[in-house]
Number of protein chains: 2
Amino acid sequence: MSAAVGVSPPDRRGKERTVKRTTIGDVAKAAGVSVATVSRVLNGGAVKEATATRVWEAAAQLDYTPNALTKSIFAGRSTTIGVVIDDLTSPFYLDLMRGIDEVAAKHDSLVMFANTFHSAEREVAHVQTMDEQRVRGLIITSGESTDTRTRRMAAAGTPCVIVGRSLADPPRGLHSVRLDNIAAGRMMAHHLISCGRRSIGVISAGNRPGQLERTEGLRQGLTEAGRPLPEDAVVVAIDNAEVDGAVDALQDRGTSLDAIVCLAGRRTVAVHSALTARGLRIPDDVGFLTVDDFSWAPALGITVIAEPSYQMGKRAAELIVDDPDQPEQLTFEPQLIARASCGENI
Amino acid sequence: MSAAVGVSPPDRRGKERTVKRTTIGDVAKAAGVSVATVSRVLNGGAVKEATATRVWEAAAQLDYTPNALTKSIFAGRSTTIGVVIDDLTSPFYLDLMRGIDEVAAKHDSLVMFANTFHSAEREVAHVQTMDEQRVRGLIITSGESTDTRTRRMAAAGTPCVIVGRSLADPPRGLHSVRLDNIAAGRMMAHHLISCGRRSIGVISAGNRPGQLERTEGLRQGLTEAGRPLPEDAVVVAIDNAEVDGAVDALQDRGTSLDAIVCLAGRRTVAVHSALTARGLRIPDDVGFLTVDDFSWAPALGITVIAEPSYQMGKRAAELIVDDPDQPEQLTFEPQLIARASCGENI
DNA sequence: CTGAAAGCGCTAACAT
DNA sequence: ATGTTAGCGCTTTCAG
C-alpha cells in the first residue's frame with residue numbers, strides 16, 4: 001500500500017478511453033487474499049474450500065475476465081491457430097476452414113484468419129503478423145514466398161502446415177497436407193475416356209504445384225489411353241476474368257473439343273458460364289469436369305473430382321495441436337463424384 | 001547483470017520445448033545499447049542514425065520478431081478484430097468476412113474468427129474467449145444469448161457490432177448493422193405480384209428477427225396488393241434437413257402454389273433441390289425467389305433479393321476501428337436482381 | 001494452505 | 001540521445 005499514494009496516474013491516453021479492466025489484483029483485494037491465491041483458484045491449485053468460494057464470489061462480483069494475452073506471454077505463445085489463405089472465395093477453403101475451426105474449438109483455441117488475395121506481398125506480411133502474434137501454429141495455403149519464414153517459425157517452435165503442396169526435406173515442425181494431384185489428374189482422364197470423350201481442353205488456374213501435378217496426371221492417364229494431350233490443349237487463366245479468353249484460345253485451335261476440364265475449383269463458375277454463354281450444352285455439345293465438390297453441383301449435374309477439404313482442414317489443425325516430432329507429409333485421395341456433365345459411361 | 005548469475009532456469013517445461021525466442025533484451029545486448037533504445041528504434045523514436053543502424057543489424061542478425069502479445073498487454077488490448085459467426089456456410093457470411101478482412105488488413109489488424117454452428121452455448125463460450133483475448137472489437141451475428149455480455153464488453157471499452165438485427169436502447173460502443181428486412185419483404189411481394197404470382201408459399205429459416213421482419217414485409221406488400229398471405233403459407237425449416245418436410249407442408253395445404261419464397265440464403269440450395277426433386281420446373285410450374293445473391297445464381301437464373309453483405313462487413317469493421325462516440329444502428333437497403341426464376345414481368 | 005517476490009517481453013516516464 | 005527504472009496482468013518459485 002505504500003506505492004503511489006495519492007498519485008493519480010496522469011490519464012495516460014487522451015481519446016483512447018481504455019476503461020480500466022478489473023484485474024486479478026482487484027479480485028484479490030476484494031476477497032482479502034493475495035494475487036497468488038486468486039491465480040491458484042482460477043487455475044485449480046490447492047486452495048481451502050472457503051477461500052476459493054470467497055475468490056469466486058469476488059470475481060463474479062467484479063465481473064472479472066482473465067486476460068489471455070498476459071497468460072500467453074507467460075506461456076511463450078498464444079493458443080490461437082493462425083490461418084493464412086489466398087482466397088476464401090473458393091469452396092475448398094470454406095470447408096478447410098470448417099475443419100480447422102472444429103478442431104480449434106475442441107481445444108478451446110481460436111482461429112486467427114487472414115486473406116492474401118493472391119498477393120505474395122500480403123502473404124509475407126500476414127505470416128509475419130501471425131508470428132508476431134505468437135500463434136500456436138500456422139496453416140497456410142501459399143506459394144513459396146514464405147518458405148524461409150515458415151522454416152524459421154518451425155525452428156522457433158511454431159509448427160506450420162503448408163496446404164496444397166509437399167515440401168522437400170521438411171525440418172521438424174513443418175508439415176504439409178495435400179491432395180494426391182497426380183491421382184486426381186489420372187482419375188479425370190479415366191473418367192473422360194470412359195465417357196467416350198476424346199478431344200480434351202484443359203483450363204488451369206496457374207503454375208502452382210497442384211495445378212501442374214493435376215495436368216501431369218491428366219497427361220499420363222490420357223497417354224496411357226492412347227490419347228496424349230497436345231501441348232496447346234492446356235491454357236492458363238490466372239483469374240476469373242481470363243477464363244473467357246482461355247476458352248476462346250481452346251476453341252481457336254482447330255480441333256473441336258468434346259470435353260473441357262477445369263483444374264481449379266475457384267474457376268468452376270467462370271468456366272461453366274463461359275461454356276453456356278457460347279450456347280454449348282453440357283454434356284451434349286461438350287463434357288465438363290471440374291475439381292472440388294460444391295453445394296450446387298448436384299443441382300447442375302456437374303461431375304467433380306472431390307477433394308476431402310474438410311478432412312484436410314481437420315488434419316492440418318491436428319498437426320498443429322499435436323505437433324508430432326517428425327514432420328508429416330499427408331496426402332489425401334481424391335474421389336470422383338460422377339454426375340451428368342460428362343455424359344454416360346460407355 | 002547481477003541477477004541470476006549462473007542460475008540456469010530449471011527447464012521449465014518438459015515436452016513443451018518452447019524454444020527461447022530472441023527478445024528485445026537480446027538485441028540490446030548484441031547492439032550494445034539499452035532495451036529502451038531498441039524499443040525506440042523499433043517504434044521510430046529519436047535515435048542517432050548510427051545507433052539505429054547497429055540495432056537494426058543486431059535485430060536482423062538475431063532474427064528478432066517483436067512479440068505483439070506483450071505490446072497488447074501494455075496497450076490494454078490487442079489489435080485483433082473478433083468475429084463470431086453462426087454458420088460460415090452461408091454466402092452472406094463469406095462476403096461479410098471479406099469486407100471485415102479488408103478493413104482489418106488496411107489497419108494491419110488481424111481477424112480472429114469463431115463459428116458457433118447455431119449453438120447458443122458455443123456462442124457464449126466464443127464471445128467469452130474473444131473477450132479474454134482482449135479483442136479490439138467484436139462483430140457478432142448472433143441471437144440474444146450474448147446480449148448481456150456484449151453490453152458489458154461495450155461498457156468495458158470493447159466496441160461490439162451486432163449483425164442482423166437492431167438493438168433497443170444501445171449503450172455507447174454497441175452498434176448494429178442490418179438489412180432493411182421489411183423493405184426486402186415488400187420488394188419480394190412486389191416482384192412476385194408483378195410477375196403474376198398469386199399464391200405464395202414461404203419458407204423461413206426460423207424465428208430470428210430478420211426472418212420475422214422479412215415475413216412481415218412480405219405480408220404487408222401482399223396485403224397491399226390485395227393478396228394477403230394466409231397464416232399457414234409460412235413454414236419454418238430450422239435446418240436444411242427440414243426443408244423437404246416444409247415443402248411438403250406447403251403442398252399439402254390444398255391450394256396450389258405458383259411461387260415459393262425462401263427467406264434465408266443458407267436454405268436456397270435445399271429449397272431449390274426440394275422443388276426440382278418434385279419435378280417442378282422453375283419458373284413454369286412454380287416461381288422461385290430467394291435472398292442473398294450467390295455465384296451460381298446467374299447460371300441457374302435464380303432471382304434474388306441481394307443483401308450488400310460485403311459492404312455490411314466493411315462498415316461493421318469500420319465501426320470497430322473508428323469506435324464512434326454515439327452508438328450507430330446502420331440499415332442497408334436490399335436490391336432486387338431479377339433473373340428468370342419468377343417468370344416474366346407482366 | 002497462503003503470501004511475498006521475482007519475473008515474462010515490452011513501453012514509458014524520468015533521469016542523465 | 002540514451003540509460004534506468006517502474007510497471008502492464010499474470011504465473012510460479014520460495015518461504016512461511
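Letters A, B, ... mirror the listed sequences (proteins, then strands); counts begin at 1. The structure displayed is predicted, hence computed values, not measured ones. Only this structure's heavy atoms are used, side chains among them; waters, hydrogens and symmetry mates stay out.
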Trainee: Across the strands shown, which category fits A:Ser39 at heavy-atom distances under 4.0 angstrom: base, sugar-phosphate, nothing?
Mentor: base
Trainee: Given that A:Ala52 and B:Val35 both sit by DNA chain C, which one's nearest nucleotide is further toward the 5' end?
Mentor: A:Ala52
Trainee: Can you tell me how far P of D:dG3 sits from CD1 of B:Ile24, to the nearest Å?
Mentor: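 These atoms are roughly 12 Å apart.
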Trainee: By the definition side chain to side chain contact (heavy atoms under 4.5 Å, CB included), identify the one residue from A:Ile24, A:Val47, A:Val38 that meets it with A:Val55.
Mentor: A:Val38
Trainee: Atom NZ of A:Lys20 and atom P of D:dG9: how far apart are they, to the nearest Å?
Mentor: 5 Å
Trainee: Does D:dT2 have OP1 or OP2 sitting under 4.0 Å from an N or O in the side chain of B:Thr51?
Mentor: yes
Trainee: Taking only the side-chain nitrogens and oxygens of B:Asn67, find out if one of them lies under 4.0 Å from OP1 or OP2 of C:dC8.
Mentor: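 It does not, given that no N or O in the side chain of B:Asn67 lies less than 4.0 Å from OP1 or OP2 of C:dC8.
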Trainee: Relative to the 5' end of DNA chain D, which residue comes earlier, B:Lys48 or B:Thr70, by the nucleotide with the nearest heavy atom?
Mentor: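 By nearest-heavy-atom nucleotide position, the 5'-most residue is B:Lys48.
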Trainee: Taking CD1 from A:Ile73 and P from D:dG9, how many angstroms apart are they, rounded to a whole number?
Mentor: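 Taking atom P of D:dG9 as the reference, CD1 of A:Ile73 is at 12 Å.
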Trainee: Just call it for B:Val33: base, sugar-phosphate, or nothing, with non-hydrogen atoms closer than 4.0 Å on any strand.
Mentor: sugar-phosphate
Trainee: Between the side chain of A:Asp322 and the main-chain N/O of A:Pro324, is any donor-acceptor distance below 3.5 Å?
Mentor: no
Trainee: Under a 3.5 Å threshold, yes or no: a donor from one side chain and an acceptor from the other, between B:Arg172 and B:Gln326?
Mentor: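 B:Arg172 vs B:Gln326: no donor-acceptor pair found between side chains.
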Trainee: Determine: side-chain N/O of B:Ser34 to OP1/OP2 of D:dG3, distance under 4.0 Å, yes or no.
Mentor: yes
Trainee: Is any side-chain N or O of A:Arg40 under 3.5 Å from a base N or O of C:dG3, one able to act as donor and the other as acceptor?
Mentor: yes
Trainee: Taking only Lys NZ, Arg NE, NH1 and NH2, and the carboxylate oxygens of Asp or Glu, determine whether B:Arg98 and B:Asp95 approach each other closer than 4.0 Å.
Mentor: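 A salt bridge is present here (some side-chain N lies under 4.0 Å from a carboxylate O).
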Trainee: Can you tell me how far P of D:dT2 sits from CG of B:Leu42, to the nearest Å?
Mentor: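 Atom CG in B:Leu42 sits about 15 Å away from atom P in D:dT2.
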Trainee: Is it true that B:Arg21 and A:Asp131 make a salt bridge, defined as a side-chain N closer than 4.0 Å to a carboxylate O?
Mentor: yes
Trainee: In whole angstroms, how far is the C1' atom of D:dC10 from the CG atom of A:Asn43?
Mentor: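 These atoms are roughly 9 Å apart.
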Trainee: For the pair made of CZ in A:Arg54 and C1' in C:dG3, what is the distance, rounded to whole Å?
Mentor: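 After rounding, the reported distance stands at 13 Å.
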Trainee: In whole Å, what is the span from the CG atom of B:Leu69 to the C1' atom of D:dC8?
Mentor: 13 Å
Trainee: Provide, to the nearest angstrom, the distance between the CD atom belonging to B:Glu132 and the P atom belonging to D:dG9.
Mentor: 16 Å
Trainee: Less than 4.0 angstrom between a side-chain N/O of A:Thr37 and OP1 or OP2 of C:dT2, yes or no?
Mentor: no
